[in-house]
Amino acid sequence: MDIETDTPADDYDSPWKEAVERYFPEFMEFYFAAAHAQIDWSKEYVFLDQELRTVIQEAEHGKRILDKLVRVTLLDGGESWIYIHIEIQGQHEKEFPQRMYVYNYRIFDRYRTPVASMAVLVDDAPHWKPDVYAFELLGCELSLKFPIAKLTDYLGQEEALHDDTNPFALVTLASLLTRATRKDMQSRYAEKWKLVQLLYRRGWDKQRIIDLFLVLDWMMQLPPHLKHALHRNIEQIERIGKMRYISSVEQIGIEKGLQQGLLQGLQQGVQQGVQQGLQQGEALALRRLLAKRFGALPDELAARIAAASLDQVETWFDRAIEAPSLHAVFENPQH
């Protein structure tokens, strides 16, 4: 694949994770409307990440973008609560239907209650729509049919997505545009700027605008010079509107970390304190970034960051912006 060296790697994992967790009812309403209509959204819904992680470890195979297990309550007064297993799949994979069945059964075996499995397919193969796993052997038949949402089915519906106020219409549109502009960063910049302006026109509250911007920003990554141009545009539109939303989070992790660290150092009144404060601030910013991208940080890595020099922490931070995995941030590059 011919991609310029300054073209950032696309990252789907983190933005999908953030979006699904923050706006789960809207996620279900947009992709699985029939199921959404049967759930009592006045009752609490619970993400069971640790429990699903145990299931995955017991039956690990295949590559996924995201798995989620959620406990919800139904409206019909039957089961007081049920489990929904969500998969977001990023590429064509022959064994995908089998994995859906295996995880469905593993979850059922753990909780002894029916499990609803669903999948969002964000791959590039428009005709790949696996929605059933089945086999027949010597008169024995087994099958699992599961609902799917295919993002390529929304191609040609960009205008409708643009007008839809569900946040996952925006996420879907961003995903389509990210793939469409893989080799044209200038076009991606233009499309991303249009979506940012749409965020302001929606009339959403500040927190939702910030949350969705972070999703767009992670999904539609840009090279540094275009990223700076985008933020200059954002600062201008916020000055005109007398607001400070997105521009306030451009470097939120870095700024908060540095502010806390510098304050600690300056209070000591010595250069050593300032240096220590800088290190603490950068370390805090790095931990926030890693947690945002890869989830809870293992204790040993947190301790390693705390003990590292300022230069080392800055090196890790630079890697963490685009690293494909937590391991890639801390590995020693081979020369």
Only pairs at least two apart or in different chains count here, so list each salt bridge (Lys or Arg N to Asp or Glu O under 4.0 Å) that has a residue in residues 155-168. none
Between Arg293 and Pro324, is there a donor-acceptor pair closer than 3.5 Å when you use the side chain of the first and the backbone of the second? no
Any side-chain heavy-atom pair of Glu191 and Leu195 under 4.5 Å: no
Residues Tyr103, Leu69; criterion side-chain contact (heavy atoms from CB on, under 4.5 Å); working and verdict: CA-CA 10 Å; Tyr103 285 6; Leu69 180 61; over 6 Å; no
Can you list, pair by pair, the side-chain donor-acceptor contacts under 3.5 Å of residues 114-122, counting residues two or more places apart and other chains?
from, atom 1, to, atom 2, distance (Å)
Ser117, OG, His85, ND1, 3.3
Ser117, OG, Asn104, ND2, 2.9

State the NZ-CZ distance between Lys194 and Arg201, to the nearest 0.5 angstrom. 10.5 Å
Show your working on side-chain contact (heavy atoms from CB on, under 4.5 Å) between Leu216 and Val171 and close with a plain yes or no. CA-CA 7 Å; Leu216 299 181; Val171 172; 5.8 Å; no
Inter-residue atom distance Asp76.CG - Gln38.CD, 0.5 Å rounding: 7.5 Å
Taking C-beta and beyond as the side chain, do Gln89 and Trp128 meet within less than 4.5 Å on heavy atoms? yes
Going by heavy atoms in the side chains, are Leu226 and Lys192 under 4.5 Å from each other? no
Here the pair of heavy atoms bringing Ala320 nearest to Leu286 is CB-CD1, 4.1 Å
Just say parallel, tilted or perpendicular for the rings of Tyr133 and Tyr101, cut-offs at 30° and 60°. parallel
Which of Val102, Thr113, Leu52, Ile84 passes side chain to side chain contact (heavy atoms under 4.5 Å, CB included) with Ile107? It is Leu52
Check: Thr178 side chain, Ala174 main-chain N or O, donor-acceptor pair, under 3.5 Å: yes
Between Phe108 and Tyr83, is the ring centre distance below 6.0 Å? no
Which of Tyr45, Phe168, Phe32 passes ring pair (Phe, Tyr, Trp, His ring centres under 6.0 Å) with Phe24? It is Tyr45
Do the side chains of Val215 and Leu170 get nearer than 4.5 Å, heavy atoms only? no
Candidate pair Glu331 and Arg319, rule salt bridge (charged side-chain N to carboxylate O under 4.0 Å, His left out), full reasoning: CA-CA 10 Å; Glu331 69 179 352; Arg319 292 182 192 168; over 6 Å; no
So CD of Gln157 and CG of Leu155: to nearest 0.5 Å the spacing works out to 8.5 Å
Restricting to non-hydrogen atoms, name the atom on Pro167 and the atom on Trp204 that form the minimum distance, rounded to 0.1 Å. CA-CH2, 4.5 Å
Closest non-hydrogen atom pair between Ile305 and Val313, with its separation: O-CG2, 3.9 Å
Minimal non-hydrogen separation, Glu44 against Thr73, with atom names: O-OG1, 4.4 Å
Could you tell me whether the side chain of Tyr189 reaches within less than 4.5 Å of the side chain of Asn233, counting heavy atoms only? yes
Under the side chain to side chain contact (heavy atoms under 4.5 Å, CB included) test, residues paired with Asp184 that sit two or more places apart: Gln186, Ser187
To the nearest 0.5 Å, what is the distance between OG1 (Thr172) and CG (Leu177)? 10.5 Å
For Gln207 and Arg22, which I'm curious about, is there any donor-acceptor pair between the side chains at under 3.5 Å? no
Go through Tyr23 and Asp211 one step at a time and tell me if the side chain to side chain donor-acceptor pair (under 3.5 Å) criterion holds. CA-CA 10 Å; Tyr23 305 108; Asp211 288 342; 3.0 Å; yes
Tell me whether Ile86 is reachable from Val132 by hopping between hydrophobic residues (I, L, V, M, F, W, Y) whose side-chain heavy atoms are closer than 4.5 Å. no
Between the main-chain N or O of Leu137 and the side-chain N or O of Glu141, is there a donor-acceptor pair closer than 3.5 Å? no
Look up atom CG in Asp217 and atom CG in Leu230, then write down how far apart they are to the nearest 0.5 Å. 7.5 Å
Between the main-chain N or O of Trp218 and the side-chain N or O of Gln221, is there a donor-acceptor pair closer than 3.5 Å? yes
Evaluate the side-chain proximity of Ile234 to Val196: yes if any heavy-atom separation is below 4.5 Å, no if none is. yes
Once you round to the nearest 0.5 Å, how far does CE of Met219 lie from CZ of Arg188? 10.5 Å
Quick one: salt bridge (Lys or Arg N to Asp or Glu O under 4.0 Å) pairs with a partner in residues 114-135, sequence neighbours left out? Asp123-Lys150, Asp124-Arg179, Asp124-Arg182, Lys129-Asp153, Asp131-Lys145
Ring pair (Phe, Tyr, Trp, His ring centres under 6.0 Å) contacts in which one or both residues fall within residues 134-154, not counting sequence neighbours: Phe30-Tyr154
If the threshold is 4.0 Å, N to carboxylate O, is there a salt bridge linking Lys43 and Asp40? yes
Taking side chain as C-beta onward, heavy atoms only, is Glu87 less than 4.5 Å from Phe96? yes
Donor-acceptor contact below 3.5 Å, side chain Trp41 vs main chain His36: yes
Quick one: do Arg208 and Glu26 satisfy salt bridge (charged side-chain N to carboxylate O under 4.0 Å, His left out)? Show the steps, please. CA-CA 13 Å; Arg208 176 166 288 211; Glu26 290 94 333; 2.9 Å; yes
Is there a donor-acceptor pair under 3.5 Å between the side chain of Arg71 and the backbone N or O of Ile82? no
Looking at Leu222, is its backbone amide N or carbonyl O close enough to the side chain of Lys227 to form a donor-acceptor pair, meaning the two atoms are under 3.5 Å apart? no
Would you call Phe213 and Ile210 a side-chain contact if the rule is heavy atoms closer than 4.5 Å? no
Across all chains, not counting sequence neighbours, the salt bridge (charged side-chain N to carboxylate O under 4.0 Å, His left out) partners of Lys68 are Glu21, Asp49
Minimum heavy-atom separation for Glu136 to Gly139, with atom names? OE2-N, 2.9 Å
Ala308 to Trp316 - nearest heavy-atom pair and separation: CB-CZ3, 3.5 Å
